[in-house]
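Written out below as structure tokens is the structure these notes cover.
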Amino acid sequence: MKTFDEASALIASHVAPLEIETVPLNAGAGRVLAADIRAAIPSPRHSVSAMDGYAVRESDIAGGEPVQVAGEARPGAPFASVLPAGEAVRIFTGAPLPDGADCVIMQEYAQRDADTVRFAAGFGPAKHVRQRGSDFEEGAVLLRRGTRLDAKTLVAAAAADVAEITVHRQPAIAIIATGDELAEPGSAQLAPYAIPDTTSLAIASLAQDAGARVTSRCRAQDDLPALERQAGELLESADIVIVIGGASVGDRDFAKPMFAPHGLALVFDRLAIKPGKPVWLGRAGARLVLGLPGNPSSAMVTARLFLFPILERLQGGEGYHAWRDMPLATPLPATGNRETFARAHWGQAGLEVLGNQDSGVQGGLARADWLIRCLPGQDGLAAGNTVSALLF
């Protein structure tokens with residue numbers, strides 16, 4: 001069996017980015033840039049006031065003396081001429097600084113009287129001016145290729161004043177959960193041996209969080225001819241088909257056989273990890289097929305470990321995991337001969353290892369927000385030790 005690192009290396013060598021397309025900026029949330037975004041204009045575009053107050057030429061101002069107010073400047077409506085010597089312009093936050101002004105005196109230091117204003121002593125030394133280009137200049141690279149756009153990066157993209165962005169196409173995902181026992185949640189209670197199909201819903205959500213577009217989510221019974229037909233249909237419309245369950249070696253485990261007529265070639269099959277030993281990855285023509293174990297915790301852990309980097313790479317990202325050194329708040333049991341990914345919850349003192357690590361756990365997944373990487377044969381660790389962990 002291959003190791004986790006070997007499987008990760010195979011993903012890196014077998015998964016290439018999808019083609020590039022141009023989309024409107026307002027459709028960019030969650031997309032991965034295929035080209036740098038450069039600023040079309042500087043920010044600020046002009047030197048602007050950082051406060052409400054009065055724009056002045058500082059050398060003209062003597063504390064306590066009345067100063068003529070020459071006019072007003074608002075954002076988008078600047079003072080139309082050069083600031084007259086010895087005068088002031090009423091200015092609001094974000095308004096362009098009048099030509100000739102070099103300082104904004106906060107209104108807290110100003111006493112207005114009709115068309116004149118007096119300034120109290122102590123208004124300096126801050127000038128309360130945001131200089132043109134002090135954030136970035138025209139032509140500056142604001143976001144690099146490979147960046148996934150989120151709320152914060154969309155601010156920068158919009159500030160660049162671009163209407164469209166170049167991104168990799170979203171991966172189209174088809175999900176099929178296999179098993180005669182599976183039922184739509186809410187209906188399992190109507191049949192004595194049915195169980196709710198929990199995992200396909202979760203995998204769909206996880207794929208969407210990673211930027212994919214779920215085109216199909218379905219269930220299928222353990223009928224090989226029907227599964228073969230369904231596999232062919234899903235491969236026509238998806239970049240990657242995710243099949244849940246049927247990954248073991250039983251007489252009714254058809255996850256791999258259902259793709260055999262479509263030219264399935266395995267990239268890896270069964271790994272020396274826990275949970276998730278049955279996970280596999282293959283290719284059927286130009287399409288990827290990822291087989292996840294049927295047990296919910298096992299399926300979710302392997303999806304985090306393998307589906308995430310696959311989707312990242314399809315969208316032009318590096319697909320590497322961001323492991324972090326984290327403190328243990330509770331003891332971590334010793335591991336056996338397989339690399340283990342223990343589910344844990346972040347508490348006030350650090351990572352709290354969940355008590356039930358069974359691959360079939362469903363309720364406990366709600367508290368699992370970190371995976372702790374435990375090497376094969378690792379001794380038990382006491383609270384206070386540092387471990388390598390991945391956000392789950």
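We number each residue from 1, following the sequence as shown.
In this structure, the side chain of Ser47 does not engage the main chain of Gln131 through any donor-acceptor pair within 3.5 Å. Between the side chain of Asp180 and the main chain of Asp222, a donor-acceptor pair closer than 3.5 Å is present. The backbone N or O of Glu228 lies less than 3.5 Å from a partner atom in the side chain of His262, making a donor-acceptor pair. Under the 3.5 Å distance criterion, the side-chain polar atoms of Arg38 are matched with a main-chain donor or acceptor of Gly139. Using a distance-only test at 3.5 Å, with no hydrogens or angles considered, no donor-acceptor pair links the side chain of Ser205 to the main chain of Ala202. The backbone N or O of Gly360 lies less than 3.5 Å from no partner atom in the side chain of Ser297, so there is not a single donor-acceptor pair. Thr335 places no side-chain N or O within 3.5 Å of a backbone atom of Pro376 that could act as its donor or acceptor partner. Side chain of Thr178 to main chain of Ala220: no donor-acceptor pair is present (N/O by atom type, distance under 3.5 Å, no hydrogens or angles). At distances below 3.5 Å, at least one donor-acceptor pair connects side-chain atoms of Arg90 with backbone N or O atoms of Gly53. Put simply, the side chain of Asp239 gets close to the backbone of Ala172: a donor and an acceptor are under 3.5 Å apart.
Ion pairing between a basic and an acidic side chain is recognised when a charged N comes within 4.0 Å of a carboxylate O; Arg144 and Asp36 show such pairing. A salt bridge links Glu137 with Arg132: the distance from a Lys NZ or Arg NE/NH1/NH2 to an Asp or Glu carboxylate oxygen falls below 4.0 Å.
Val32 and Ile165 are not part of a single hydrophobic cluster, where members link through side-chain heavy atoms under 4.5 Å apart.
No hydrogens or angles considered: a donor-acceptor pair under 3.5 Å links the side chains of Ser200 and Arg217. Side chains of Asp150 and Thr153: a donor-acceptor N/O pair is present below 3.5 angstrom, by distance only.
Taking 4.5 Å as the limit, some side-chain heavy atom of Val214 sits within range of a side-chain heavy atom of Gln208. Contact of the His345 side chain with the Trp370 side chain is not registered, since no non-hydrogen atoms from C-beta on lie closer than 4.5 Å. Considering only heavy atoms from C-beta on, Phe392 comes within 4.5 Å of Arg343 through its side chain. In this structure, the side chains of His321 and Arg304 come closer than 4.5 Å at one or more pairs of heavy atoms. A heavy-atom distance below 4.5 Å is found between the side chains of Leu328 and Ile372. Between Val56 and Val67, every side-chain heavy-atom pair lies at or beyond the 4.5 Å cut-off. With a 4.5 Å cut-off on side-chain heavy atoms, Phe306 and Leu271 count as touching. Proximity of Phe79 to Ile91: side-chain heavy atoms (C-beta onward) are nowhere separated by under 4.5 Å.
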Applying side-chain contact (heavy atoms from CB on, under 4.5 Å) to Phe268 and Ile11, what does each step give before you reach the verdict? CA-CA 9 Å; Phe268 60 76; Ile11 288 174; 4.1 Å; yes
Please walk me through it: do Val387 and Arg373 pass side-chain contact (heavy atoms from CB on, under 4.5 Å)? CA-CA 7 Å; Val387 294; Arg373 187 176 185 181; over 6 Å; no
Taking it one step at a time, do Gln315 and Arg148 satisfy side-chain contact (heavy atoms from CB on, under 4.5 Å)? CA-CA 9 Å; Gln315 295 170 88; Arg148 181 180 295 280; 3.3 Å; yes
Evaluate side-chain contact (heavy atoms from CB on, under 4.5 Å) for Lys256 paired with Leu266, printing each intermediate quantity in order. CA-CA 9 Å; Lys256 290 187 282 290; Leu266 291 173; 3.9 Å; yes
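None of Met106, Glu87, Arg112 except one satisfies the side-chain contact (heavy atoms from CB on, under 4.5 Å) rule with Tyr54; the exception is Arg112.
When all heavy atoms of Pro42 and Gly133 are compared, the pair lying nearest together is CB-CA, 4.2 Å. Closest approach of Ile173 to Ala212, counting heavy atoms only: CG1-CB, 3.3 Å. Taking both residues in full, the closest heavy atoms of Ala85 and Arg57 are given as CA-NH1, 3.5 Å, listed atom of the first, atom of the second, then distance. Thr116 and Pro66 make their closest contact through CB-CB, 4.4 Å (heavy atoms, listed as atom of the first residue, atom of the second, distance). Of all non-hydrogen atoms in Leu314 and His168, the two that sit nearest each other are O-CB, 4.2 Å.
Lys274 NZ: 12 or fewer foreign heavy atoms inside a 6.0 Å radius. Environment of NZ in Lys2: sparse, with no more than 12 heavy atoms of neighbouring residues, nucleotides or ligands closer than 6.0 Å.
Between the NE2 atom of His14 and the CG atom of Leu288 there is a distance of 9.5 Å, given to the nearest 0.5 Å. Taken to the nearest 0.5 Å, the OG1 atom of Thr340 stands 9.0 Å off from the CD atom of Gln357.
Under the side-chain contact (heavy atoms from CB on, under 4.5 Å) criterion, Ala159 pairs with Phe136, not counting sequence neighbours. Take Glu21 and apply the salt bridge (charged side-chain N to carboxylate O under 4.0 Å, His left out) test, not counting sequence neighbours, and it matches Arg31.
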